[in-house]
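Here is the structure we will look at.
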Amino acid sequence: MRKRKGNGTYPEKTTPGMGKGVPYLMVLPSVLLLSLCYIFPILYMLYLSFFKWDMLTDMEFVGIGNYRTLFSKTEFHQVLSNTFVFTFFTVAVALCLALVLAVWLNHNSKIHVFVQAAIFTPHIIALVSVAFVWMWMMDPNYGLLNYVLNSLGLPASQWLQSPDTAMTSLNITSVWKLIGYDTLILIAALQSIPKSIYEAAELDRAPKIVTFFKIILPMVSPSLFFLLVMNTLTMFQNFDTVAVMTQGGPLGSTNTLVYYIYQNAFSFYKLGYASAAGAVLSVIVGIMTLFYFRILGKKVHYQ
């Protein structure tokens with residue numbers, strides 16, 4: 001039995017044979033797996049971006065030639081523009097609608113619980129299946145959406161068949177996919193707000209609009225910030241929706257950066273060029289993440 005020291009405290013208990021390097025040894029398998037699955041592919045991509053290679057002939061070192069070719073192409077500029085438009089429109093609309101739905105569904109009645117479960121359903125459905133369903137609904141001749149528009153006396157739309165509406169069609173599909181998950185996260189954030197804060201606002205006779213902007217919005221800002229970052233990263237790397245619904249068309253109006261990388265790597269066998277585009281994507285994602293945490297992260301209210 002250990003004796004107490006004069007100051008009334010027990011001496012620190014140590015584990016026999018526990019060296020300083022044991023904790024590092026225990027995390028080593030995870031570090032190796034992370035390096036193999038994430039870090040090595042990134043480094044190899046950067047390495048390939050300085051070569052011209054079609055996987056059939058020998059690799060030819062071209063230095064920054066792939067990057068020069070990349071930024072000199074008008075097609076790549078359009079792809080970058082499409083990616084930013086697709087990402088920011090989808091994320092902005094999804095977050096705004098999710099916040100409105102969360103405020104509306106922040107109740108424990110049976111109907112609200114049912115709607116919460118129903119609205120989460122798109123999130124658990126495979127994105128490929130979602131894309132096929134929306135392709136049928138957006139068919140210009142037999143689709144459900146044009147049938148509804150005609151029933152209301154409105155002109156039909158070409159949806160995915162026209163360069164003017166194809167990107168908007170992809171945005172609608174992606175928002176529908178995101179909104180369920182975002183709504184439930186925000187509902188959880190709303191339910192964590194202490195009721196005493198609402199009671200204090202009622203005693204002060206604060207209007208609902210003031211309550212929303214002065215209480216609700218600041219209190220759920222950590223969840224909004226999390227969803228903003230995650231949704232932005234997800235949409236920047238979106239591939240399935242474009243690959244299934246439009247293949248980058250019509251006339252390149254929906255071609256995004258990830259699908260452009262896929263095309264050049266596995267359709268045109270330009271591995272070096274595709275790797276350069278992948279490096280650009282990595283830099284953009286890194287800059288966006290840094291911007292969010294350095295600028296927007298300061299405006300987040302943590303309880």
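Worth saying up front: this structure is predicted, and the values here are computed from it rather than measured.
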**Request:** Could you walk me through whether T183 and Q116 pass the side chain to side chain contact (heavy atoms under 4.5 Å, CB included) test, one step at a time?
**Result:** CA-CA 8 Å; T183 301; Q116 289 177 27; over 6 Å; no
**Request:** Kindly say whether A117 contributes a backbone atom to a donor-acceptor pair with the side chain of T121 at under 3.5 angstrom?
**Result:** yes
**Prompt:** With side chains defined as the heavy atoms from C-beta onward, is the minimum distance between M288 and V285 less than 4.5 Å?
**Reply:** no
**Prompt:** Measuring from S275:OG to N66:CG, what's the distance to the nearest 0.5 Å?
**Reply:** 8.0 Å
**F51 versus V62, closest heavy-atom pair with distance** = C-CG2, 3.9 Å
**Prompt:** Same cluster or not: are M45 and L36 linked, directly or through other Ile, Leu, Val, Met, Phe, Trp or Tyr residues, by side-chain heavy atoms under 4.5 angstrom apart?
**Reply:** no
**Message:** The criterion is side chain to side chain contact (heavy atoms under 4.5 Å, CB included); which residues satisfy it with T83, sequence neighbours excluded?
**Reply:** V79, T87, F236, T256, L257
**Minimum-distance pair of heavy atoms, taken over all atoms of L160 and A166** = O-CB, 4.0 Å
**Prompt:** Does the side chain of M219 reach to within under 4.5 Å of the side chain of P194, using non-hydrogen atoms?
**Reply:** yes
**Request:** Show the numbers, then the answer: is there a side chain to side chain contact (heavy atoms under 4.5 Å, CB included) between Q247 and V242?
**Result:** CA-CA 5 Å; Q247 294 82 46; V242 177; over 6 Å; no
**Request:** Quick one: list whatever passes side chain to side chain donor-acceptor pair (under 3.5 Å) with N82, sequence neighbours left out.
**Result:** none
**Prompt:** Do I42 and I39 come within less than 4.5 Å of each other through their side chains, counting heavy atoms only?
**Reply:** no
**For the student: nearest non-hydrogen atoms of A201 and T211, plus distance** = CB-OG1, 4.2 Å
**Asked** Given the rule that I, L, V, M, F, W and Y join up when any side-chain heavy atoms are under 4.5 Å apart, are F239 and L233 in one cluster?
**Response** yes
**Asked** Listed by chain and number, what are the ring pair (Phe, Tyr, Trp, His ring centres under 6.0 Å) partners of F88, not counting sequence neighbours?
**Response** F84
**Asked** Are a donor atom and an acceptor atom from the side chains of S174 and T90 found within less than 3.5 Å of each other?
**Response** no
**Message:** Could you tell me if the side chain of N264 sits less than 4.5 Å from the side chain of L271, heavy atoms only?
**Reply:** no
**Request:** Working to the nearest 0.5 Å, report the span between CG of L224 and CG of L217.
**Result:** 6.5 Å
**Prompt:** Is there a donor-acceptor pair closer than 3.5 Å between any side-chain N or O of S282 and the backbone N or O of G278?
**Reply:** yes
**Asked** CD of Q158 to OG of S169: how many Å apart, nearest 0.5 Å?
**Response** 10.0 Å
**Message:** Let me check something: do I261 and V280 share a hydrophobic cluster, defined by ILVMFWY side-chain heavy atoms less than 4.5 Å apart, either directly or through other members?
**Reply:** yes
**Prompt:** Is any side-chain heavy atom of Y67 less than 4.5 Å from a side-chain heavy atom of F50?
**Reply:** yes
**Prompt:** So, the side chain of K177 versus the backbone of H123: is there a donor-acceptor pair under 3.5 Å, distance only?
**Reply:** yes
**Asked** CG/N146 to CG/D139 distance, rounded to the nearest 0.5 angstrom?
**Response** 8.0 Å
**Fill in**
Output for pair (W134 CH2, L144 CG), nearest 0.5 Å, gives 9.0 Å
**Asked** By side chain to side chain donor-acceptor pair (under 3.5 Å), which residues pair with N231, not counting sequence neighbours?
**Response** D182
**Prompt:** What residues, two or more places apart in sequence or in another chain, satisfy side chain to side chain donor-acceptor pair (under 3.5 Å) together with T232?
**Reply:** Y292
**Message:** Please determine whether side chain to side chain contact (heavy atoms under 4.5 Å, CB included) holds for the pair W136 and Y142, giving the CA-CA distance in whole Å, both sets of side-chain angles, and the decisive distance to 0.1 Å.
**Reply:** CA-CA 8 Å; W136 170 75; Y142 309 104; 5.6 Å; no
**Request:** Determine the minimum heavy-atom distance between T173 and M245, stating which atoms define it.
**Result:** OG1-CE, 3.5 Å
**Asked** Are side-chain heavy atoms of V115 and W104 found at a separation under 4.5 Å?
**Response** yes
**Request:** Count the heavy atoms belonging to other residues, nucleotides or ligands that lie under 6.0 Å from CZ of F268, then report whether that count exceeds 12.
**Result:** yes
**Asked** Think K208 forms a cation-pi with F213, using NZ or CZ under 6.0 Å from the six-ring centre and within 45 degrees of its axis?
**Response** no
**Message:** Please check: side-chain N/O of S162 versus main-chain N/O of W159, any donor-acceptor pairing under 3.5 Å?
**Reply:** no
**Complete:** In terms of heavy-atom contacts, G248 and T254 come closest through C-OG1, 3.2 Å
**Request:** Decide if atom NZ of K214 counts as having more than 12 heavy atoms of other residues, nucleotides or ligands within a radius under 6.0 Å.
**Result:** no
**Prompt:** Is F120 atom CZ crowded by more than 12 heavy atoms from other residues, nucleotides or ligands, each under 6.0 Å away?
**Reply:** yes
**Item:** pair M167-S253: side-chain heavy atoms closer than 4.5 Å
**Value:** no
**Request:** Output, in order, the C-alpha distance, side-chain angles, deciding distance and verdict of side chain to side chain contact (heavy atoms under 4.5 Å, CB included) for V130 and V133.
**Result:** CA-CA 5 Å; V130 171; V133 171; 5.9 Å; no
**Request:** Determine, using the 4.5 Å side-chain heavy-atom cutoff (strictly less than), whether M235 and V128 are members of one ILVMFWY cluster.
**Result:** yes
**Asked** Who passes side chain to side chain donor-acceptor pair (under 3.5 Å) against Y259, sequence neighbours left out?
**Response** none
**Distance in Å, L97 CG paired with I119 CD1, rounded so as to fall on 0.5 Å steps** = 9.0 Å
**Message:** Classify the ring geometry of Y260 against F76: parallel below 30°, tilted from 30° to 60°, perpendicular beyond 60°.
**Reply:** tilted
**Asked** Are more than 12 heavy atoms from other residues, nucleotides or ligands located less than 6.0 Å from atom CZ of F212?
**Response** yes
**Side-chain heavy-atom pair N255, Q78 within 4.5 angstrom cut-off** = no
**Complete:** Here the pair of heavy atoms bringing A156 nearest to L149 is CA-CD1, 4.4 Å
**Message:** Surrounding CG of D58 (heavy atoms of other residues, nucleotides or ligands, distance under 6.0 Å), is the total greater than 12?
**Reply:** no
**Asked** Is M55 reachable from Y44 through a run of I, L, V, M, F, W or Y residues, each pair having side-chain heavy atoms under 4.5 Å apart?
**Response** yes
**Item:** Test log, rule side chain to side chain donor-acceptor pair (under 3.5 Å), inputs Y273 and T69
**Value:** CA-CA 8 Å; Y273 182 82; T69 305; over 6 Å; no
